[in-house]
Number of protein chains: 2
Amino acid sequence: MTARPAVDGSIVELCAVLGDETRWQILAVLGSRAASASELARELPVSRQAIAKHLELLAQVGLAERERAGREVRYRALGARLTELADHLETIGRGWEARLSRLKDVAEQLPRQ
Amino acid sequence: MTARPAVDGSIVELCAVLGDETRWQILAVLGSRAASASELARELPVSRQAIAKHLELLAQVGLAERERAGREVRYRALGARLTELADHLETIGRGWEARLSRLKDVAEQLPRQ
DNA sequence: ACGTCGTGCAAGCACAGGGTTGCAGGTCAA
DNA sequence: TTGACCTGCAACCCTGTGCTTGCACGACGT
């Protein structure tokens with residue numbers, strides 16, 4: 001709270017989580033079907049433990065959902081947080097562009113003199 | 001190219017760049033006005049060189065625009081890449097949700113028996 | 001009861017990257 | 001010309017983290 005939150009911290013956190021290739025590979029699978037860590041470890045070139053950590057992270061930020069199924073733990077991708085993030089980014093991006101076009105308008109008036 | 005691009009690599013790259021608090025602080029400023037590295041260094045709690053690296057990164061991925069003004073170099077935030085990214089994320093997120101609701105539909109039919 | 005399979009915890013390694021300091025070169029105004 | 005200011009390059013530190021291996025525990029099927 002000492003630094004004014006220029007941007008909602010969760011946006012930064014979400015982007016950071018999404019800034020990893022391996023996690024996208026995992027999400028790509030979880031987007032089409034639920035899978036466990038062991039399962040994913042068989043089709044991806046990383047160890048099960050590495051994947052388990054990624055899954056925990058994804059679940060923490062709400063990009064994936066954990067679900068016990070007997071002795072195994074399956075995960076599935078959740079789109080809500082992603083579309084939510086998309087909304088925020090779109091708003092911010094449009095804000096920047098709006099300022100830009102306003103600047104252009106001003107610039108076109110100055111050379112009048 | 002050895003790994004099939006489950007997701008456009010530039011998305012991962014963009015998210016990674018957006019996954020840093022300091023860069024968002026910089027973008028927050030550049031979104032409202034153009035500024036140089038030295039200028040930003042005065043209002044942010046990091047050195048000019050650190051900021052310069054961030055600015056170079058931001059320009060590389062198209063989130064900021066470099067512009068010489070005499071002896072100084074100003075940067076301004078660009079919204080295009082951000083809204084572009086937002087579109088992709090939204091599409092992906094909706095895809096996941098669509099699969100989810102399809103699963104639910106199926107699940108509601110099974111208990112019929 | 002047994003072997004198999006999936007999970008969880010822990011220690012540890014190695015690299016990327018965010019940050020710093022220091023110095024040299026250029027540009028502007030007085 | 002001189003001094004102030006901005007930029008660029010380079011070396012360096014250090015924390016975070018992505019990944020690994022190893023082991024113990026628990027659940028399942030035969």
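Atom set for the values below is all heavy atoms of this structure, side chains included, hydrogens, waters and symmetry mates excluded. Chain identifiers are assigned alphabetically (A, B, ...) following the order of the sequence lines, protein sequences preceding nucleic acid strands; residue numbering begins at 1 within each chain.
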Practice prompt. Could you walk me through whether Arg99(B) and Arg76(A) pass side chain to side chain contact (heavy atoms under 4.5 Å, CB included), step by step?
Written response: CA-CA 10 Å; Arg99(B) 188 193 64 89; Arg76(A) 52 181 3 101; 4.0 Å; yes

Discussion item. In whole Å, I'd like the distance from the CZ atom of Arg71(A) to the P atom of dG8(C).
Written reply: 13 Å

Discussion item. Checking Leu14(B) against Leu63(B) for the side chain to side chain contact (heavy atoms under 4.5 Å, CB included) test, could you report, in this order, the C-alpha distance in whole Å, the side-chain angles of both residues, the deciding distance, and whether it holds?
Written reply: CA-CA 9 Å; Leu14(B) 256 183; Leu63(B) 284 173; 3.8 Å; yes

Item to complete: Identify, between Gly70(A) and Glu56(B), the residue whose nearest nucleotide on DNA chain D lies closer to the 5' end.
Response: Glu56(B)

Worksheet item: Would one find a side-chain N or O of Arg42(A) under 4.0 angstrom from OP1 or OP2 of dG6(C)?
Response: yes

Worksheet item: Given axes from five pairs at either end, by how many degrees does the helix from dA1(C)-dT30(D) to dA30(C)-dT1(D) bend, rounded to 10°?
Response: 30°

Report all side-chain donor-acceptor pairs from residues 45-58 of chain A shorter than 3.5 Å, counting only partners two or more places apart or in another chain.
residue, atom, partner, partner atom, Å
Ser47(A), OG, Ala50(A), N, 3.3
His54(A), ND1, Arg23(A), NH1, 3.1

Practice prompt. May I have the distance from Gln49(B) (atom CD) to dC23(C) (atom P), rounded to whole angstrom?
Written response: 13 Å

Worksheet item: What's the CG-P distance between Leu55(A) and dT7(C), to the nearest Å?
Response: 9 Å

Response to the item:
Contacts of Arg68(B) and Val73(A) projected onto DNA chain C by closest heavy atom; the upstream (5') one is Val73(A)

Worksheet, complete the sentence: Note: Arg81(A) and Gly62(A) closest approach over all heavy atoms is CG-O, 3.2 Å

Worksheet item: So Glu97(B) and Thr83(A), side chain to side chain contact (heavy atoms under 4.5 Å, CB included) or not? Walk me through it.
Response: CA-CA 10 Å; Glu97(B) 284 177 8; Thr83(A) 57; 4.0 Å; yes

Item to complete: Measure from CZ on Arg66(A) to P on dT7(C) and round the result to the nearest Å.
Response: 9 Å

Practice prompt. Can you tell me the distance, in whole Å, between the CD atom of Glu39(A) and the P atom of dT7(C)?
Written response: 9 Å

Fill in: Glu21(B) CD - dG17(C) C1' separation (whole Å)
16 Å

Practice prompt. With heavy atoms under 4.0 Å as the rule, sort Arg74(A) into base, sugar-phosphate or nothing.
Written response: nothing

Discussion item. Please report the distance, rounded to the nearest Å, between CD in Gln60(B) and P in dG17(C).
Written reply: 11 Å

Worksheet entry | Bounds of contact between DNA chain D and chain A, in 5' to 3' order, using a heavy-atom cut-off under 4.0 Å | dG18(D) to dC28(D)

Worksheet item: After noting the C-alpha distance and the side-chain angles of Gln25(B) and Glu43(B), does the key distance pass the side chain to side chain contact (heavy atoms under 4.5 Å, CB included) rule?
Response: CA-CA 10 Å; Gln25(B) 292 181 228; Glu43(B) 24 191 326; over 6 Å; no

Worksheet, complete the sentence: By nearest-nucleotide position on DNA chain D, the 5'-leaning member of Ala52(B) and His54(A) is Ala52(B)

Worksheet entry | Heavy-atom pair with the smallest gap, counting every atom of Leu82(B) and Gly93(A) | CD2-N, 3.7 Å

Item to complete: State, to 0.1 Å, how close Tyr75(A) and Ala59(A) come at their nearest heavy-atom pair, and which atoms those are.
Response: CE2-CB, 4.2 Å

Worksheet item: Where do Ala35(B) and Leu30(B) come nearest, in terms of heavy atoms and distance?
Response: N-CD2, 3.8 Å

Worksheet item: If you check the Ser38(A) side chain, which of dC5(C), dG8(C), dT7(C) turns out closest?
Response: dT7(C)

Practice prompt. Kindly point out which of dG19(C), dC5(C), dT7(C) is positioned nearest to the side chain of Lys53(B)?
Written response: dG19(C)

